[in-house]
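Structure first, commentary second.
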Amino acid sequence: MNKEIFKLVFKVTHAGGSGSCFYLKAYDLFVTNYHVVEGYHAVAIHDDRNNSYLAQVVLVNPDLDIALLAAEGDFSSLPELTLADEDSLQVGCRVFVAGYPFGMPFTVTEGTVSSPKQLMDGKYYVQTDAAVNPGNSGGPIFNENGEAAAVTVSKFTDADNMGFGIRIGALRQVLGSIDGIDRTTFHVQCGSCEELIAEEEEFCPSCGEKLPEGAFTEYGLSPIAAFCEEAIETMGINPVLARAGADAWRFHRGSSEIRMFVYDNDYLFMSSPIVLLPKKEVEPVLRFMLGKEFLPYKLGIEGKQVYLNYRIHLSDITEASAAEIQADICRFSAKADELDNYMVDTFGCEFSEYSKTDAEA
């Protein structure tokens, strides 16, 4: 199989978690599961080099569990992906599941087709023994020819040693109805007549079918999330691109990766893996770390990794202190970007593997 094909698989993130998606160049759209983006009309997608792109959810079909995303970016250099024929998979055929399980880096698992047409919950799925985990949802299942033969779905949590995919015919059905679609507007597709509905309705205005409850819903932010995202936006970063789960964010400020998250509903943490200790002459680095105050931040070491950290109890975020804490959040990101360069230049430390050394300051 052409390894270039795996460049088409991206990670999807939002305030509720993460999943996978894949790019169809012929349509300039990304495909994922409805349940991956349910409740979100704008999400972030990330390639395997941690480049992030804002994506609008253009269409959801809850009945087929398929969603289409239109992303901001130039994807013309990506290869073309062919959709397999409906009957391309047979029992015993080799398949490859590609995606970002548990939000981890990109992985590919290999297996065989156990059933090309397995009936579950009133619908037919492709069944495979390839490993499928949460986070793989929405990614492609490739056949041996590098064609997309199914859309991975991992919502069947009680199925051990079995993975499932939405048959490619369901995706073709959705793609056949999008000519002229407004790519700036969220649409729900009726599972009965395939009408695209842009205004919130309880019943399909075309055929009268009751639409899935909550299909038009867009989740709001928690108060602490709104507080944190206001600070992130102050840094010139789109908060949607930084979202990494419920009350969690991850982004780069210059070269440094910044992680921010709420722990146990008690503390707001920030952490940045800034550098690795040098292979030799570690003592000057340790003297620097112990002999200088970085308040309200602290430097710490785990193994060879040096971290800059910040912690504040949520009860300390009050109307009177909010502006100063948001300023501390912004200063933390700037300090991390300053320290990593200083420690590399002064002590011969190495940039962390999480650093983005080609990033603009």
Side-chain angles (χ1 to χ4, degrees), residues 1-12 18-27 29-36 45-49 64-68 75 77-175:
M1 183 189 296
N2 182 358
K3 292 183 179 179
E4 291 290 299
I5 210 73
F6 296 121
K7 292 182 178 180
L8 299 170
V9 186
F10 286 59
K11 178 162 66 172
V12 180
S18 67
S20 302
C21 66
F22 60 98
Y23 183 60
L24 293 180
K25 193 171 187 176
Y27 299 89
L29 290 169
F30 288 81
V31 177
T32 189
N33 292 143
Y34 164 66
H35 77 265
V36 167
I45 63 171
H46 314 263
D47 62 22
D48 62 353
R49 294 170 297 169
L64 297 177
D65 197 15
I66 287 174
L68 301 179
F75 305 100
S77 62
L78 294 178
E80 189 87 39
L81 178 61
T82 301
L83 300 183
D85 293 334
E86 183 71 9
D87 59 354
S88 70
L89 297 180
Q90 305 295 327
V91 174
C93 285
R94 194 163 56 141
V95 290
F96 304 86
V97 176
Y100 294 81
F102 302 106
M104 295 169 58
F106 176 77
T107 61
V108 179
T109 57
E110 181 180 344
T112 58
V113 174
S114 307
S115 172
K117 198 173 182 181
Q118 182 65 268
L119 182 63
M120 293 185 68
D121 293 345
K123 294 183 175 63
Y124 288 106
Y125 295 87
V126 174
Q127 180 183 333
T128 174
D129 61 4
V132 173
N133 294 292
N136 278 123
S137 287
I141 296 179
F142 293 117
N143 62 20
E144 291 185 276
N145 297 323
E147 300 168 326
V151 181
T152 308
V153 56
S154 63
K155 62 181 180 178
F156 300 109
T157 55
D158 294 330
D160 293 331
N161 301 317
M162 289 187 287
F164 295 91
I166 299 167
R167 287 165 57 83
I168 207 65
L171 176 56
R172 288 186 187 277
Q173 178 182 326
V174 173
L175 293 172

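Counting begins at 1 with the first residue of the sequence.
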Looking only at heavy atoms, the pair that brings Val153 and His35 closest together is CG2-CE1, 3.9 Å

Lys7 side chain to Pro79 backbone, donor-acceptor under 3.5 Å
no

Is a donor from one side chain sitting under 3.5 angstrom from an acceptor on the other, for Asp129 and Thr112?
yes

Using only atom types and a distance under 3.5 Å, with no angle test, would you say the side chain of Arg172 pairs donor to acceptor with the backbone of Glu86?
no

Taking all atoms of both residues into account, what is the closest heavy-atom pair of Ile168 and Ala149, and its distance?
CB-O, 3.6 Å

Compile the donor-acceptor pairs under 3.5 Å between side chains in residues 93-103 and protein atoms, sequence neighbours left out, one pair per line.
{"from": "Arg94", "atom 1": "NE", "to": "Glu144", "atom 2": "OE2", "distance (Å)": "3.3"}
{"from": "Arg94", "atom 1": "NH1", "to": "Glu110", "atom 2": "OE2", "distance (Å)": "3.0"}
{"from": "Arg94", "atom 1": "NH2", "to": "Glu144", "atom 2": "OE2", "distance (Å)": "3.4"}
{"from": "Tyr100", "atom 1": "OH", "to": "Val9", "atom 2": "O", "distance (Å)": "3.4"}

Are side-chain heavy atoms of Leu78 and Leu8 found at a separation under 4.5 Å?
yes

State, yes or no, whether a side-chain contact exists between Leu68 and Leu24 at a heavy-atom distance under 4.5 Å.
no

Just say parallel, tilted or perpendicular for the rings of Phe6 and Phe142, cut-offs at 30° and 60°.
perpendicular

Give a yes or no on whether the backbone of Ser20 and the side-chain of Thr32 come within a donor-acceptor separation of less than 3.5 Å.
yes

Report yes if some heavy atom in the side chain of Cys21 is under 4.5 Å from a heavy atom in the side chain of Ile45; otherwise report no.
yes

Could you label the plane-to-plane angle of the Tyr125 and Phe164 rings as parallel, tilted or perpendicular, counting under 30° as parallel and over 60° as perpendicular?
perpendicular

Restricting to non-hydrogen atoms, name the atom on Ala130 and the atom on Thr109 that form the minimum distance, rounded to 0.1 Å.
CB-OG1, 4.1 Å

Test item: Asn33 side-chain N/O and Asp65 main-chain N/O as donor-acceptor pair under 3.5 Å
yes

Mind checking whether Val31 and Val174 have side chains closer than 4.5 Å, heavy atoms only?
no

With sequence neighbours excluded, what pairs up with Lys117 under the side-chain contact (heavy atoms from CB on, under 4.5 Å) test?
Tyr124, Arg167

Shortest non-hydrogen contact from Ser114 toward Val91:
O-CG2, 3.8 Å

Indicate yes or no for a side-chain donor-acceptor contact from Ser137 to the backbone of Val36 under 3.5 Å, with no hydrogens or angles considered.
no

In Å, rounded to the nearest 0.5 Å, how long is the span from CG of Asn145 to OG1 of Thr82?
9.5 Å

Geometric class of the Phe75/Phe10 ring pair [parallel <30°, tilted 30-60°, perpendicular >60°]
perpendicular

Smallest separation among heavy atoms of Leu64 and Ile166, with atom names
O-CD1, 3.4 Å

List the residues meeting salt bridge (Lys or Arg N to Asp or Glu O under 4.0 Å) with Glu80, not counting sequence neighbours, and say none if there are none.
none

Look up atom CG in Leu81 and atom OH in Tyr27, then write down how far apart they are to the nearest 0.5 Å.
11.0 Å

Here the pair of heavy atoms bringing Asn143 nearest to Ser88 is ND2-OG, 3.9 Å

Would you say Asp47's side chain and Arg49's backbone share a donor-acceptor pair under 3.5 angstrom?
yes

